[in-house]
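Working notes, beginning with the structure itself.
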4 protein chains.
Amino acid sequence: MKRIFDPIHHFIELDERETALLDTVPMQRLRRLRQLGLAYLAFPAAEHSRFGHALGALAMGERVLMSLRRGDSGYFADEQDFLTQRRLLRVSLLLHDIGHGPFSHACEAVLGMQHEVRTQAILRLPEMAVALADADVDLRDVLALVTGDPAGRYPVLREIVSGPNLDADRMDYLWRDSYFTGVVNGRYDADQLVASMRVFDRHGQPALGVDGRGVVALESFVLARYMMFSTVYFHHTTRQFEQILHRALRAVWPEPRTLDGIEEFLAWDDFRVIEAMRYLNEPAARAVRERDTLFALVAEFNAERDLSLFEACLRELRAQYGSAVWADSQEQLMHRLPLVLDGTSPTVLVGSRAGVVDAREASDLIARITGKVYWRKLYVERSQVDVEAARALCLAVTAGRRAVEA
Amino acid sequence: MKRIFDPIHHFIELDERETALLDTVPMQRLRRLRQLGLAYLAFPAAEHSRFGHALGALAMGERVLMSLRRGDSGYFADEQDFLTQRRLLRVSLLLHDIGHGPFSHACEAVLGMQHEVRTQAILRLPEMAVALADADVDLRDVLALVTGDPAGRYPVLREIVSGPNLDADRMDYLWRDSYFTGVVNGRYDADQLVASMRVFDRHGQPALGVDGRGVVALESFVLARYMMFSTVYFHHTTRQFEQILHRALRAVWPEPRTLDGIEEFLAWDDFRVIEAMRYLNEPAARAVRERDTLFALVAEFNAERDLSLFEACLRELRAQYGSAVWADSQEQLMHRLPLVLDGTSPTVLVGSRAGVVDAREASDLIARITGKVYWRKLYVERSQVDVEAARALCLAVTAGRRAVEA
Amino acid sequence: MKRIFDPIHHFIELDERETALLDTVPMQRLRRLRQLGLAYLAFPAAEHSRFGHALGALAMGERVLMSLRRGDSGYFADEQDFLTQRRLLRVSLLLHDIGHGPFSHACEAVLGMQHEVRTQAILRLPEMAVALADADVDLRDVLALVTGDPAGRYPVLREIVSGPNLDADRMDYLWRDSYFTGVVNGRYDADQLVASMRVFDRHGQPALGVDGRGVVALESFVLARYMMFSTVYFHHTTRQFEQILHRALRAVWPEPRTLDGIEEFLAWDDFRVIEAMRYLNEPAARAVRERDTLFALVAEFNAERDLSLFEACLRELRAQYGSAVWADSQEQLMHRLPLVLDGTSPTVLVGSRAGVVDAREASDLIARITGKVYWRKLYVERSQVDVEAARALCLAVTAGRRAVEA
Amino acid sequence: MKRIFDPIHHFIELDERETALLDTVPMQRLRRLRQLGLAYLAFPAAEHSRFGHALGALAMGERVLMSLRRGDSGYFADEQDFLTQRRLLRVSLLLHDIGHGPFSHACEAVLGMQHEVRTQAILRLPEMAVALADADVDLRDVLALVTGDPAGRYPVLREIVSGPNLDADRMDYLWRDSYFTGVVNGRYDADQLVASMRVFDRHGQPALGVDGRGVVALESFVLARYMMFSTVYFHHTTRQFEQILHRALRAVWPEPRTLDGIEEFLAWDDFRVIEAMRYLNEPAARAVRERDTLFALVAEFNAERDLSLFEACLRELRAQYGSAVWADSQEQLMHRLPLVLDGTSPTVLVGSRAGVVDAREASDLIARITGKVYWRKLYVERSQVDVEAARALCLAVTAGRRAVEA
């Protein structure tokens, strides 16, 4: 039994077989992958790694599973079934980020997205396969949970590991990112959310949901995600360095295919990338290391109705400054719950005396905030553009529009 | 200079004249008025008083004012003007709740609502008038701010003291109630909100708003209020005891007019009411003291669309159980920002390079959650009704409805 | 199953029988007894009651018991024994403060100290006896634990409930008082302390201790207590109101024997006392209600070596001002661990590979801070004494002493 | 004006010239030096860098200076003097760690200790010298403060920057390390300590101290340091990796003199060292990267009286296992305040009505814990030693000793 101290979950306990998994080279490598990539260039304290998050996801999954057991409506066949699912869940959450590369999103963009393939390849490395076998879990089950395979044997565990709704992954990282950046917006009501989680029946399949007392906690969870996107993940400085990083990574990896082999892929981490940048003659590489803001934000449009204004400004800027303009246009579902394709099937279930309904029926707030949210930003390259002139240009476009509208 | 320690604001400093105001009998009485009335019967730790909140509102107002000064766009005429406004603001926030009676909402309902009249009468008591004069503030200015008189000389201070949008009152109590109940939902991003506050010009009048960096903090503030209503202020146990309290207070004060005199009014506080209940032969009085839940919740409908279902259940319950049914139907604006009557004037202003817009334009989230939110609950009296039968009746109504809809 | 939310322990779960105990009149009365008496006159936020602490002590005891079970060295005979001890421990901690009167220390001084007798009388009231029987615990066992009877059947539980060392009572209240006052000094490392707790064998008897990893946590616990005494419990304002309260209580209860009956005793609480003071013509009663500092602190001597200086100042003050001087001389063991009378028997045991030793052997810090600590304060009554003159007098005595020493 | 968000100090504001200093290459490099070296191998969350601490030290210094100004006894000659000192203090705290190498203690041991020389060389680099000149501070003043030169012009600022007692460096890092590890023990009462800080006269020289109300806060500060050493800085895993790191660094830098040049020195950081280890054939290098615990703890003796036992065990272990034994013997002053050589001069001054005394006179606790504290640990190399046999050997030595003593 190993106890590891974590600021979010306090003592996290691992048994010997879990500890052996933690001690593998691919898991230790997560210490050198930062959870929030370059967000530390906007929030200096955001230096925490995926390693702490892997432990935290396991701890959060444990809390969820204990809650499901306590409010049990017959989901677990018996104690043996509970223990089997618990073992599988804990291992899967511990390993769920193992396929990430350095600065994961940028890395995937530059190398080509092969996240699931990589996870599979890593779990099949002898070191991992042996540790998994020792831990008495089936590699295929772990893989199914981590990659979100809908054909897997454990649909509820899949929701906890990689589901779009009540996953332990997000339940941990919102609090964790909030703690390490210091931004309070991610601190949803985890106590109540976890305590309210239940397994319901959906067309004969077990599905994760919350009981009626958990509705506000669910709302707080959904909004915490939205606000962390607004404040941290899509912060204008974070975004600009993400863009700079793309350029830098293309210099670091002029031949991305050389990382196709899993051994070579695993030999890379944030530290090595940052170190590699030291030798490069590429301004973007220097900018990442030294926090040079190569771009300047000239205008920002975060409301849906501003799309045409954003496009008008972009047109004018492009006409004037050509490729020295960078338009960043991110979007997310304001809340991520209703990911269903047909728009009718229930998603997060909410139980009450009167039966089980969809979260949108149980919560006017969730119903209202269904839909997308946009973060659109226009930047220019400082080295090529007179920033104040560019800003003035956008102001003129905006004023012109408003005059027309008025 | 007196320093008082507070868990939310840490050291709060008062000068001698403010300390003299704090030492008056009407202010000390606030120690015996609980900030959240009977909510401690649902959240045991919610035992904090209006006294701490009065200090906290002053401290929050100070933070706001210092931020306005730092981001000053010419609002303060000069240092003298700043000091004058500061003195007035601090005193007004310290005194803003002085007219509250015991368990304030229930008290106002039973005694008749005379909150403003009472504040005025109290501030004119010799003890208060002298202390105010010593503090070098004009009683009329304080009164105008506390009662929200639109004709007052300081519209910005009025917004901070008693405005519907960015008032220091709510800015303090959301954090405070969150801290003392332990419920995290009230912890909005106060650091960023305060730092973003600015005075803008609105049709020639100074008006409070936030700069562009404050939009998410404003959203978090708006939602914290909504979530604290859902979780704490309208908790089904809090609400039921509010109802029981009404009955009990009518027994405590069979002749409400006896409290019309301000001296007698001030002689009452939560402690005295609770003590008075000890002697009464009224079950409601005993229930408040001993936390007897005289009512049982039989159904809850918090979504807007459930109105007809709520009414149908209520009809059936009434038909069956008559006056042993209590229907509680609360509503609030989901966010309180756009309180304008004509629906067009700007409310909270948000500044950006491109000009000043309304919060609903700057935030899709705020735009979407404009409108009301409902908390409808049906209770029956345990002493007269078979609770499970009443619940079954509501379930049947609900199932019938759903069958018809399907 | 009832879940109650608490800021320190988050959800606290009670089964139906424990809930029935919580619902008794003597338990609900704890809502009207403040945990820190009049300390709210120095720390306004310290308004929390013994009710929350009773729940918190239960929750802390649960944490301790789960830790003992996890690190079990054979202490629990079997699962049945664990469940029996658990039931008894939880009930006993819930009830441990039930015999307290309003403002407990002052109350006991004025009424005569009969704390144990009262607890016994209350537990034997029909309402309590029935609830205890329903909860399947033996009243005598509860009584033995709450009153610390050394002849009780469960020495380890006795240590947890009322022991001088690692009791759940103090483990809860240090954090709780720290949280509600906002003073950080009481926040010892509870996670590590609890996780380190073990049952050792001491001369054939089971005894509570910590394993080697818990030494620093034990130090932090011991020091938290000392620092909370210095900062909060013996704060000069808290102490002066404790003294004023004595006077006031003698006016409230001119015939203390009238409270000898347990029914009458239970009819009193802080609220009733404070309300009773409203009618009294006693300045001390008014002072407590209105926070009049009748006394002024003129000198303070908290170091051991200052005893003779304290006495010299007291002599001079008495000579000058007679009974208008109040000397407050409090003392405590700097840490409370070694309460043994013969000074040799082990106290808190610390386990390691090399065997079990006393905490003083395992910790140089604990060894060094063995002994007493003093808080000596001299006050004068403001109404009768020129405060500045009294302070000058003490300064002169001090200067004279120092001159002689130099 | 730039605002940077920090979890400890919330918004930290820098003016343009300070921002320019922050943007220099040597300052940005601090992002790649971890504040606690390899402690993240014991406390996974301890991944925070010296960069955040540099900002935090500046923020803490600001708080101290504002407090000194508020309680001013004439220390600042005038507003101009205050502003000059403030500018110098802020810059010096921002830069105070700039001379650190990767994993600073191990680095200094391997490269030879030249911390002050390096700081001087770095500050004289053109980039830094220009930025300092722009910031209107004298390089020599900064250097005197950072290196603690007793001949400097500002003795009070020197105490705040690099003094042994009330330095902003430690005041920040105790809270920071506590926050990022999650260990509560470092959370001393910073609010009260800062608010109590004063400048006193010591033999005609201004000297830092606290007023009487700050004594317990000072105690909490002193003990927080001791407890963080016990829990985190000298954690047995932290210490063993420190030792492994020494070996690894000798492999990384076989010719330490190649880093003598300041340009080459600055080209190294934790990231580069960790990356360099990837290529080395040295087991210690692999161990640091992969968290291999090459050593096993076999015995630990943290009490002063255990010295001879420690030595006896060490002798036996060495006799048996030779160089496969590693003895780690760390010591610290239990509190760091009285660093004076002659043992008589006052150190931290504590003011009161009766004059200014030394902290040891004002606090029995501080007086008692004067002296050293020891952390002695014995490890063996796992690859060469049967760990259980080595532990048994130490147990036998210990048992033998105790038998003799008994």
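Residue numbering restarts at 1 for every chain, and letters A, B, ... go by the order of the sequence lines. Only a predicted model underlies this, so the values are computations on that prediction, with no experimental measurement involved.
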Q. If we only count heavy atoms from C-beta on, is the D:Val215 to C:Asn302 side-chain gap below 4.5 Å?
A. no
(Q) Once rounded to the nearest 0.5 Å, what's the spacing between atom CG of D:Leu223 and atom OH of C:Tyr226? (A) 9.0 Å
**Q.** Portion of C:Glu361 that has a non-hydrogen atom of chain D nearer than 4.5 angstrom
**A.** both
Q. Which answer fits C:Asp189, side chain, backbone, both or neither, if we ask what part of it has an atom under 4.5 Å from a heavy atom of chain D?
A. both
Q. Which region of C:Ile369, side chain (C-beta onward) or backbone (N, CA, C, O), has a non-hydrogen atom less than 4.5 Å from a non-hydrogen atom of chain D, or is it both or neither?
A. both
(Q) Using a 4.5 angstrom heavy-atom cutoff, name the option from C:Ala396, C:Cys394, C:Gly355, C:Gly371 with the most pairs to chain D. (A) C:Gly371
Q. Atom CD in C:Glu219, atom CE in D:Met227: separation rounded to 0.5 Å?
A. 7.5 Å
Q) Do you know which of C:Thr398, C:Leu365, C:Thr231, C:Leu395 has the most heavy-atom pairs with chain D at a distance under 4.5 angstrom? A) C:Leu365
Q | C:Val298 portion near chain D, given a 4.5 angstrom heavy-atom threshold | A | backbone
**Q.** Pairwise distance CZ(D:Arg213) to NE2(C:His236) - rounded to 0.5 angstrom
**A.** 8.0 Å
(Q) Tell me if a side-chain donor or acceptor on C:Arg368 pairs with a main-chain N or O of D:Thr370 at a distance below 3.5 Å. (A) yes
(Q) Is D:Met334 in contact with chain C via its backbone, its side chain, both, or neither, using a 4.5 Å heavy-atom distance? (A) side chain
**Q.** Backbone N/O of D:Ala303 and side chain of C:Asp364: donor-acceptor pair under 3.5 Å
**A.** no
